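Here's the structure we're looking at; comments come further down.
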Amino acid sequence: MPIIDISIAKGRTPEQLRNLIDGVHRVAETTTGAAPENITVLVREVEPSLWARTNQTITERTSTTRTQS
């Protein structure tokens, strides 16, 4: 019974998120042999100001990129 937990920065459309869920679900089904009803996909959208890498949030990186352009 696969449980797939995805964290992604907020900002995708409902259609993009639906496509992500569909694609991940199909891959899990074909690669694990799990029955479709036993596959759970969780998508957690995180505010860009709360997602950091290399000590800089997505919001900060985006702001820096815009001001450098």
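Keep in mind that this is a model prediction, so the values were computed, not measured.
By the side-chain contact (heavy atoms from CB on, under 4.5 Å) test, Leu42 pairs with Ile3, Asp5, Thr40, Arg44, sequence neighbours left out. Residues satisfying the side-chain contact (heavy atoms from CB on, under 4.5 Å) criterion with Ala52, sequence neighbours excluded, are Thr57. Under the side-chain hydrogen bond (donor to acceptor under 3.5 Å, both in side chains) criterion, Glu47 pairs with Lys10, not counting sequence neighbours.
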Could you go through residues 17-26 and list every donor-acceptor pair under 3.5 Å that involves a side-chain atom there, pairing it with any protein atom two or more places apart or in another chain?
residue: Asn19; atom: ND2; partner: Glu15; partner atom: O; Å: 3.3
residue: Asp22; atom: OD2; partner: Arg26; partner atom: NE; Å: 3.0
residue: Asp22; atom: OD2; partner: Arg26; partner atom: NH2; Å: 3.0
residue: His25; atom: NE2; partner: Pro36; partner atom: O; Å: 3.2

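Taking all atoms of both residues into account, the shortest heavy-atom contact from Val46 to Trp51 is CB-CE3, 3.5 Å. For Ser49 against Thr59, the heavy-atom pair with the smallest separation is N-OG1, 3.1 Å.
Note on Ile4 and Val43: same hydrophobic cluster, where clusters join Ile, Leu, Val, Met, Phe, Trp and Tyr whose side-chain heavy atoms are under 4.5 Å apart, directly or indirectly.
Applying the salt bridge (Lys or Arg N to Asp or Glu O under 4.0 Å) test to every pair with at least one member in residues 29-40, sequence neighbours left out, gives no pairs at all.
The distance from the CZ atom of Arg12 to the CD atom of Glu45 is 8.5 Å, given to the nearest 0.5 Å.
Remark: side-chain polar atoms of Thr54 are not paired, donor with acceptor, to backbone N or O of Gln56 under 3.5 angstrom.
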